[in-house]
Number of protein chains: 4
Amino acid sequence: MKKLALFLLLGCAFSVQAQLRNDDVHKLPEMRRNLTRTPIRIPDVNGYQTLKCDFHTHTVFSDGNVWPNMRVQEAWQEGLDAIAITDHIEYLPHKDQIKSDLNESYKIAKKEGDDIGFIVIKGSEITRSKPLGHLNALFIQDSEKLNVDDPLQAIDEAVNQGAFIMWNHPGWPDNKSTMYPVHEELINAGKINGYEVFNHMESYPLTFDWYSDKNLAPMANTDIHGLTANDYFLNDGLRPMTLVFADNKSEKGIRDALFAGRSLALFNNTLVGNPDLLTALVKASLQVVPVTDKKSEVTNLSDIPFTLTANGEMYIFPAGKTVRISTPEPDTQFVVENCLTGKDKPLQIMATAFNY
Amino acid sequence: MKKLALFLLLGCAFSVQAQLRNDDVHKLPEMRRNLTRTPIRIPDVNGYQTLKCDFHTHTVFSDGNVWPNMRVQEAWQEGLDAIAITDHIEYLPHKDQIKSDLNESYKIAKKEGDDIGFIVIKGSEITRSKPLGHLNALFIQDSEKLNVDDPLQAIDEAVNQGAFIMWNHPGWPDNKSTMYPVHEELINAGKINGYEVFNHMESYPLTFDWYSDKNLAPMANTDIHGLTANDYFLNDGLRPMTLVFADNKSEKGIRDALFAGRSLALFNNTLVGNPDLLTALVKASLQVVPVTDKKSEVTNLSDIPFTLTANGEMYIFPAGKTVRISTPEPDTQFVVENCLTGKDKPLQIMATAFNY
Amino acid sequence: MKKLALFLLLGCAFSVQAQLRNDDVHKLPEMRRNLTRTPIRIPDVNGYQTLKCDFHTHTVFSDGNVWPNMRVQEAWQEGLDAIAITDHIEYLPHKDQIKSDLNESYKIAKKEGDDIGFIVIKGSEITRSKPLGHLNALFIQDSEKLNVDDPLQAIDEAVNQGAFIMWNHPGWPDNKSTMYPVHEELINAGKINGYEVFNHMESYPLTFDWYSDKNLAPMANTDIHGLTANDYFLNDGLRPMTLVFADNKSEKGIRDALFAGRSLALFNNTLVGNPDLLTALVKASLQVVPVTDKKSEVTNLSDIPFTLTANGEMYIFPAGKTVRISTPEPDTQFVVENCLTGKDKPLQIMATAFNY
Amino acid sequence: MKKLALFLLLGCAFSVQAQLRNDDVHKLPEMRRNLTRTPIRIPDVNGYQTLKCDFHTHTVFSDGNVWPNMRVQEAWQEGLDAIAITDHIEYLPHKDQIKSDLNESYKIAKKEGDDIGFIVIKGSEITRSKPLGHLNALFIQDSEKLNVDDPLQAIDEAVNQGAFIMWNHPGWPDNKSTMYPVHEELINAGKINGYEVFNHMESYPLTFDWYSDKNLAPMANTDIHGLTANDYFLNDGLRPMTLVFADNKSEKGIRDALFAGRSLALFNNTLVGNPDLLTALVKASLQVVPVTDKKSEVTNLSDIPFTLTANGEMYIFPAGKTVRISTPEPDTQFVVENCLTGKDKPLQIMATAFNY
């Protein structure tokens, strides 16, 4: 309503009309959503840049439904910093119509990324049945070389290419989040480096402690085949993403951070991972400012809503809003209900942590 | 916020949790936007069903960026009743990777449509430079037969297949909405039956009278190559669409209506076309109910906002809202600013038309 | 964004600009939200009109913070059909500044209601400490006569005036929803006729069965002192309201329906009350249409989202949306999680009830 | 949808349920909008704090419809930093019910402000017919002393109390924005210090140059009588406000800034005032970052959308969004269509100003 009025008020921008809007053609640049990005506000912490990444996506070159450039476009529009293209090696349902090698989808996406300044990571999904299941090899050089019968051989090849190996959706498709001996062996051999706490629309509570028990980077990804705008209610919350705490915004910065385990899984307004990173993120997100003797204003600087409880009170801090609360006693112990350091282990944080 | 509370209130649906949410896996069906459709509320008029259609879309099989099934999914989610798949015949930039005949994209989309009960129309875009420009042949049988050197021969073949021929974006790409002799001849020969008043993000004011001067069906289409959710601010308004007033909701019903000229072009909250159809639609949309001696409530039953003016007053009726106004004198002449019967010809409607 | 473009497209409505927007003054009628009402879509059932009512509101004439006309304005804007003005009799914190009798706030609100065609009911809140607690006398004639020491005498006077007596917030302020002997006696004597299942931001599960056990009309009200727009996230859901199923839209129609127990309490997207009314409302709200051999589209015609479960599946039907589901077997037993016929008693409904 | 899922995921916060949600009472703190504030993001400039103020509001103590505390509550919730209570001196339509002196409404509002840490300024509206019209005396000590027959005497008294005098809605009620000799004299005598470019839903283009021609502080205020949430579509834009550039966030800081003319009028996404302040604000709001050789990302850090034009192109930068554009040539001259330095004088700004 406002914008309508704005232009009536201005009597319209004539110089513009002259060129954009004559009798032959009226153009509507104000509709160009494809050039509009919604930044995701999540604070940097501990001297690292907080990068929002999706390490599991598909295109028409395997069983996805979009041309690779669309993956980059949607991720850019939705405020991400980087994505990996991870088409299946062994599962190519469109092969009757699409003739191409396994590196093609990355090439197309990378070109789009370079064209708009967006990080695109080369990956492949090694796709086998359980016990092994699916694994994403990230930061690889040549997908074709992973196309071999023995999956362990494919993993070795990926590792030789410098891959970070992620174990995908441990609880899918049999609704069992079982860690089999093969996984133990690969983890111990440093050939599995991360895992999905969340995939598309599922999470796997039994795995919430693995990041510490097994020293793996926790990750959350979309595993998107269609388009995120059609699969998620993005107006109601963020798409799943892996928060990576990097020295700098680059492919190398992301790879180094993942190998160092500096990641958090963000899904459905819930964060899972290392308590130090979680504490730092909550502290950086919730700014507490006393406004009277007894009252304080808490401003949530991030786009993640936080739900805290203490002494039987619940405090919900919506994204980007300020909430007025009674200034808590310094010895108040808050439970951050949507930050989990493990299964059924919400983060505990002292009021003093907020330095108000 | 409410929904959160709802479930706390219910103490959660335990029977559901047991199966959807155990320690191995938590599923979130409430996120399944891909199964959610936003109906478009536009009233039926004159005994016809008002169908919302998009007769111009592309897929990876020409220069589009999505697999054909995605066109159906997005259109269904966004409340449309039918779409046409109209890949280019002569322009196939993905042909190095995609090996297929010109009928393939329709086949894939049609299968998706049949699977979910959505109307998919077979079409092809005959793609030549001006003066002829681009034409969509709709309701055809075999796209391969249109793949000939002489575009007039292609048009004849399409006509033989029973095609409805639409002249696409008259003002593109040279920003001139010129009707050339070839168009006059084709129109007179009944080989051009409709035209785009609006295409993607452009409209062509010089063409606003053609629907009557040339007896053509006015149309508005997306000509979408990416995805509508990424190209339009759908929260702020509807995607471009052609309103078709059909005897019944079927491909035949749509084809008959188009040949009978029973369509309106809807774009950017503006309707263009026949005054009788426009008047019927405005009357059916705006329900006027006197509530006191002097005041009436006007409820806009449609998802199209209407802007009326009379006696120097402006009345804006947002979609789905009720607005209280002074009951107008019966002889009040309203101008419906966003309903155009031609270039610079907003619809005029008498207060009495609203039978309050 | 669209609307902005609309007017550029139209080159602005000059006749309008001439009068609304000259150099001396630009007026912005499109900003006039105060004349805009958001209708609440809840279907009529069983031949009754479904009226949305709030039977508990305050003004500056007791401890509220708005002039009585504002109660009418906000309720009209928010889609309600009727409200009761129920200022306290015994608690008048503004009495140092406001000198007036106990009937004044109703008079002012009624004048506003008559001016815009909105139903305003005369009430008073008899305000005592527990065990009796607070009671609203609705549909009374003279509040002054209720201003007596003995609350039971005040109740008798109200009954003599034809009042419907509602027991307010049974669980407030001591967080105990105890029915005391005095309530039993009044109920048995027909001097308490309804009760609040929900008040402002609280509900009282222990009372969810009283509507049947004690034959009382279940009610949900705001007990608003400030303004609903400032106290509720209205964009995320409806304000609390009592749904009244009336023969006609009038004060008498509402009173008759309440005495007949034809009401449901709606709060926080949850309905509480009679299973027959709930079943009728769910059936009228959820329209099931098979679209293929195996799939159906379920359109929620109401502004209340519904959450159903069956066979371990959860189905969420957002307000006004269509959701595609596998057509359920006729013998499927659905649990409507947000419709309660009593404490921990969600409504059960057979698939066949939807006549698809 | 997300939040619902969040809590299912967490299996609900039992410790919380125990206390907030037992069988006797379920409380819903997540609904407590009255404690939630939506911060307005407008950058500080030139070393000043950018404060958002409303210097024209009414309460039930004159012809407003809310108790004074509500003015403070709504302003705090809507992100403002300060308001003035400016009830009429001569127009008291509620005087039959409200018995009080002219200082009472400020006292009540100030108490609320002190309770939550919000700045409330004491004012009064001197209310006469044209030519003089209405004037707000701000930062006064005693409203009763302004209650005299001769308005010029009232102005002198206000000035003696240290008042900043604002000329209200110059174009109301006769739709003529005429500056009469009495205004000239008062301005020359330093007894009118500011004026309303915008009031409630009107603006006065003829006055757009007065801030410089007459050396007056430009101001935009709501002149709210009801509630802003009921009068404006706040979801579509900000309420009218005066931006004050202050040394510090205090009543004195605001007063000093106004007397120094450091203000901008913000209404309907349009800013009016000093070109240096406007340029500084646009520069601080639009952050331009080159991302490739040819492309840059422009992030609008403010909640004010900006519309720029250059070389026949239109660039719309929505609040809080990032837009990708072709990196402009350094010598590009932008016109900021929604920043006016006078009547029909949009701000001009060079590309180089953005230091990209």
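These numbers were taken from a predicted model, which means no experiment stands behind them. Below, all heavy atoms of this structure are taken into account, side chains as well, without hydrogens, waters or symmetry copies. Each chain gets a letter, A, B and so on, in the order its sequence line appears, and its residues count up from 1.
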K.L.:
What part of C:Asn235 is in contact with chain B, defined as an atom under 4.5 angstrom from a non-hydrogen atom: side chain, backbone, both or neither?
P.N.:
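Neither part.
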K.L.:
Side chain, backbone, both or neither: which part of C:Lys295 has a heavy atom under 4.5 Å from chain B?
P.N.:
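For C:Lys295, side-chain heavy atoms alone lie under 4.5 Å from chain B.
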K.L.:
State the OG1-CG distance between C:Thr292 and B:Asp115, to the nearest 0.5 angstrom.
P.N.:
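C:Thr292 atom OG1 to B:Asp115 atom CG measures 6.5 Å (nearest 0.5 Å).
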K.L.:
Just to verify, what does C:Glu78 make a salt bridge (charged side-chain N to carboxylate O under 4.0 Å, His left out) with, not counting sequence neighbours?
P.N.:
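Residues passing salt bridge (charged side-chain N to carboxylate O under 4.0 Å, His left out) with C:Glu78: C:Arg239.
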K.L.:
Given a strict heavy-atom distance threshold of 4.5 Å, which part of C:Asp293 is in contact with chain B: side chain, backbone, both, or neither?
P.N.:
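Nothing of C:Asp293, per the 4.5 Å heavy-atom cut-off to chain B.
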K.L.:
Does some side-chain heavy atom of B:Lys321 sit less than 4.5 Å from a side-chain heavy atom of C:Thr38?
P.N.:
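They are in side-chain contact.
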K.L.:
Can you tell me how far apart CD1 (C:Ile116) and NZ (B:Lys294) are? Round to the nearest 0.5 Å.
P.N.:
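C:Ile116 atom CD1 to B:Lys294 atom NZ measures 15.0 Å (nearest 0.5 Å).
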K.L.:
Going through the distances and angles, do B:Arg21 and C:Met314 end up as a side chain to side chain contact (heavy atoms under 4.5 Å, CB included)?
P.N.:
CA-CA 11 Å; B:Arg21 298 177 168 106; C:Met314 178 186 292; 3.5 Å; yes
K.L.:
Would you compute the distance between atom NZ of B:Lys27 and atom CD of C:Glu313 and round it to the nearest 0.5 angstrom?
P.N.:
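Those atoms lie 8.0 Å apart.
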K.L.:
Which bit of B:Arg41 is near chain C, if near means a heavy-atom gap under 4.5 Å: side chain, backbone, both or neither?
P.N.:
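The answer is the side chain of B:Arg41.
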K.L.:
Check each atom of B:Glu297 against the heavy atoms of chain C and say whether the ones under 4.5 Å are side chain, backbone, both or neither.
P.N.:
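B:Glu297 touches chain C through side-chain heavy atoms alone.
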K.L.:
Looking only at heavy atoms, which two atoms of C:Pro39 and B:Gly320 are closest? And how far apart?
P.N.:
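Shortest heavy-atom separation between C:Pro39 and B:Gly320 comes out as CD-O, 3.3 Å.
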K.L.:
If I measure from the heavy atoms of chain B, does C:Thr36 come under 4.5 Å with its side chain, its backbone, both, or neither?
P.N.:
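For C:Thr36, backbone and side chain are both near chain B.
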K.L.:
At what distance, to the nearest 0.5 angstrom, does CG of B:Leu35 lie from CD1 of C:Ile316?
P.N.:
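Between B:Leu35 CG and C:Ile316 CD1, I get 12.0 Å after rounding to 0.5 Å.
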